[in-house]
Amino acid sequence: MNGAEVILEDVSKFYGEVLGVNRVSLHIPPGITSLVGPNGSGKTTLMNLMAGLIHPDRGSIRVRGISPRDPERLMRITGYATQYDAAPRSMTGFEFISSLLALHGHSRSRSAQLAVQALERVGLSDAAHRKVAGYSKGMRQRVRLAQAIAHDPEVLILDEPLNGLDPLVRAETIEMFRGEAARGRHVILSSHVLQEVDIISDQVILIANGMIAAEGEIRSVREEMHEHPSQFLVRAREASRVASLLFLQDHVTEVRLSEDRQGLLVLTRSREAFSQALASIALDGYGIESVAPVDENVDALYKYLIGGEPS
Amino acid sequence: MTPLRLRQALTLAWLEARRAFLSRRSFWVYLLALFPAFVFFMHGISVKIQRDRLSSRGVISAALMDSVRESETEAAVIARLGKPVNDFAFDRRAKQDRALVRRVNYFDGSRILVLTFANGVLESKRVRTLVNLEEDRAVFAMVFQNFYLRLAVFFGCLGIFVNLFRGKMMDKTLHFWLLAPMRREVLLGGKYLAGLLAASLIFGLGALLSFRLMLWEKPPAELALFWQQHGPAHAFAYTAAAVLACVGYGSVFLATGLLLRNPIIPAAVLLLWEGANPFLPSMLQKLSVIYYVQALCPVAPPPDPNMPAIMQFLFSPANPPSRLLAVTGLLLVTALVLWLAARAVRKIEINYSTD
């Protein structure tokens, strides 16, 4: 399995006196993994380390068994769309992609064919032969994405790939990521659109101040955080009675009654104990209509773990 | 090198060279390369205009021009040679002496005879050539070594080669090259090749064009003889010297762009080092590009008569190496610099925020 993972072992990177990332160890399996953290938390540093654009001061990195110090092998299986909005403006989108493909050793016709396919996948076929200088921000984002996927890499590293995309293209792009993940590939992305991260990610890595705050499936990360109260919305006919019964439970830390007096916001330290208690109350006939977790998303985790708003 | 790596290096060289040729930033490099050609072209135009103007006023035979003797009278000379092409008179007053001076010029198609009469008697006679191939070749040698090699090629290579890495770092586009599946050394080789292709073509052709324009408007017979004897070899030597200067300076500036964030200070130091080359101890002179490149130049520039005495005292150019040794030495220096650059490129990192 290790050969198919992206592995960082005790990786540190400093920019002079400034910390990039510190003692990061990660095993990233195939699928969609999102890096989430505030500005300067080390997301781009991690991605640059994986792509070999910078080298760790300490620790080791293997991308599907290949060291980033071996770009000749690494970049055959890796595509990286950076956040730098700097595609050469004097070239057309097609020229840009096909010239980079030529460096893979493809013939001119094969490079052209792959470039056309990549531009088609990101919805830039119509603008393929226009100069990048005339592209909108979203189009430039897409051309960078096309550059990353053009050689059909096994590992896609994407720094803020959904930035600047309109909703339709955003949905198509997410669908493309899912398709890649379904093929057993790595899609490692960073994003500050947390609702999207929540929806599309198989894994999340929460990073703050150059250190990993949490990693894993959103649900399992949440379960690791025993001390962090979970929030549930409960609708019941006799909400005030249910509130008073719940408040007797040790694991319940807070109960708030809604204005219509039929809804409850419950904070509990134990999801399991809460489920059992609620089941018991329901059986006693207090008219429980619905129960829904309200904070099982990245925003909530983020606020809890890092104590600030994500960037 | 495997065929794939070679293909990658050549592909990269072609892509980068196209940009180096067509980029707006290269405009001033073309100006530098074409400046001597422009100067010699203007000189040729000036000679042509002067010759046409003098010819239209009358051409005498060379024998007639040579027949003028000292102490001949003004009337006798003008009666024999005819109407001069230029003629003007003035009063000359020096202390108690006063003389009526008349200065006349005659033209035989290539030489100008300048006769000065004082009170009707020939006082001085000077002959100057309108065009002088030997003199122009010496001027070309001086322009080529002191301006073209030391300044034009130097700064041109600075602009072209530093831009290959440092410029791309500033543009935030270097990472695209680093994301290609190729060894960093292949990237370096491809970029060096691109710079060399651009610089060699621009400055090699610039040298050739300047040389050809220097020979423009020269007497046909003299020119034919020159082309029979030395012309092709000299043209080749100057072009080769310009190309080899690009080879040497290119490697230095490529490495500078990789190793240092600000190339201006090292460029200034190198410029000083290369400029002060003939004043350095013989051993140190060999640690420069200009030492080897100058040895390839077919004509030594004339010494500067206005050089201060102290400079003349310190001026001690080392014995030039043989051409074979010069080429070998330059290639060895280049290989050493590129080896250092290859070590640096393996460690290069993208950190645009600090650039």
Side-chain angles (χ1 to χ4, degrees), chain A residues 13-16 18 20 39-40 44-45 47-49 51-57 66 68-91 95-108 111 132 143-144 147-148 150-151 153 157 159, chain B residues 1-26 163-165 167-191 193-194 261 343-355:
Chain A
K13 176 68 186 174
F14 289 84
Y15 302 104
V18 180
N39 281 335
T44 299
T45 297
M47 292 185 151
N48 284 348
L49 283 164
L53 293 186
I54 55 175
H55 306 301
D57 297 319
I66 300 171
R69 287 190 185 272
D70 183 1
E72 198 174 28
R73 290 176 63 213
L74 179 78
M75 300 323 295
R76 288 210 175 277
I77 65 153
T78 305
Y80 183 18
T82 63
Q83 62 172 315
Y84 310 117
D85 185 12
R89 289 168 173 253
S90 58
M91 298 174 105
E95 285 168 347
F96 172 56
I97 307 294
S98 59
S99 60
L100 291 174
L101 281 165
L103 292 175
H104 284 251
H106 296 304
S107 66
R108 183 179 285 207
S111 300
V132 172
V143 85
R144 290 202 300 277
Q147 162 262 315
H151 57 292
I157 303 172
D159 202 351
Chain B
M1 183 176 264
T2 63
L4 173 63
R5 287 175 186 164
L6 184 63
R7 197 157 74 231
Q8 285 178 322
L10 293 176
T11 304
L12 177 65
W14 174 242
L15 290 170
E16 283 283 45
R18 262 196 331 178
R19 283 190 207 172
F21 278 122
L22 302 175
S23 143
R24 278 185 205 162
R25 286 183 191 163
S26 307
N163 194 42
L164 292 172
F165 277 97
K168 298 291 177 282
M169 195 71 106
M170 303 294 282
D171 291 348
K172 300 189 177 180
T173 57
L174 182 61
H175 64 278
F176 287 121
W177 301 120
L178 301 185
L179 294 177
M182 60 184 169
R183 286 170 67 106
R184 295 283 174 87
E185 293 86 343
V186 174
L187 175 72
L188 179 86
K191 280 189 172 273
L193 214 56
R261 194 162 292 163
R343 286 172 64 90
V345 81
R346 273 181 230 140
K347 295 176 188 163
I348 196 170
E349 294 191 343
I350 296 295
N351 188 11
Y352 295 144
S353 55
T354 60
D355 281 276

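Note: hydrogens, waters and symmetry copies are ignored here, and every other heavy atom, side chains too, is used.
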Given heavy-atom pairs under 4.5 angstrom as the criterion, report whether the side chain, backbone, both or neither of [X] touches chain A.
X         : answer
Ile348(B) : backbone
Arg346(B) : backbone
Arg7(B)   : side chain
Leu4(B)   : side chain

If you take all heavy atoms of [X] and [Y], which pair is closest and at what distance?
X         : Y         : value
Leu178(B) : Leu53(A)  : CB-CD2, 3.7 Å
Thr82(A)  : His175(B) : OG1-NE2, 3.1 Å
Leu103(A) : Gln8(B)   : O-NE2, 2.8 Å

Identified side-chain contact (heavy atoms from CB on, under 4.5 Å) counterpart of Pro181(B) within the set Arg73(A), Glu72(A), Arg76(A) = Arg76(A)

With a 4.5 Å heavy-atom cut-off, do Arg19(B) and Met91(A) have their side chains touching?
-> yes

Do Gln147(A) and Leu179(B) come close enough that some side-chain heavy atom pair is under 4.5 Å?
->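 Contact flag for Gln147(A)/Leu179(B) side chains = yes.
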
Distance, nearest 0.5 Å, that separates OG1 of Thr11(B) from CZ of Arg108(A) |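 One finds 9.5 Å between OG1 of Thr11(B) and CZ of Arg108(A).
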
CD on Glu349(B) to NE2 on His55(A), rounded to 0.5 Å = 5.5 Å

Report, as yes or no, whether the 6.0 Å neighbourhood of atom CZ on Arg5(B) holds more than 12 heavy atoms from other residues, nucleotides or ligands.
->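 More than 12 heavy atoms, drawn from other residues, nucleotides or ligands, come within 6.0 Å of this atom.
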
Working for salt bridge (Lys or Arg N to Asp or Glu O under 4.0 Å), residues Glu95(A) and Arg18(B) = CA-CA 13 Å; Glu95(A) 285 168 347; Arg18(B) 262 196 331 178; 5.8 Å; no

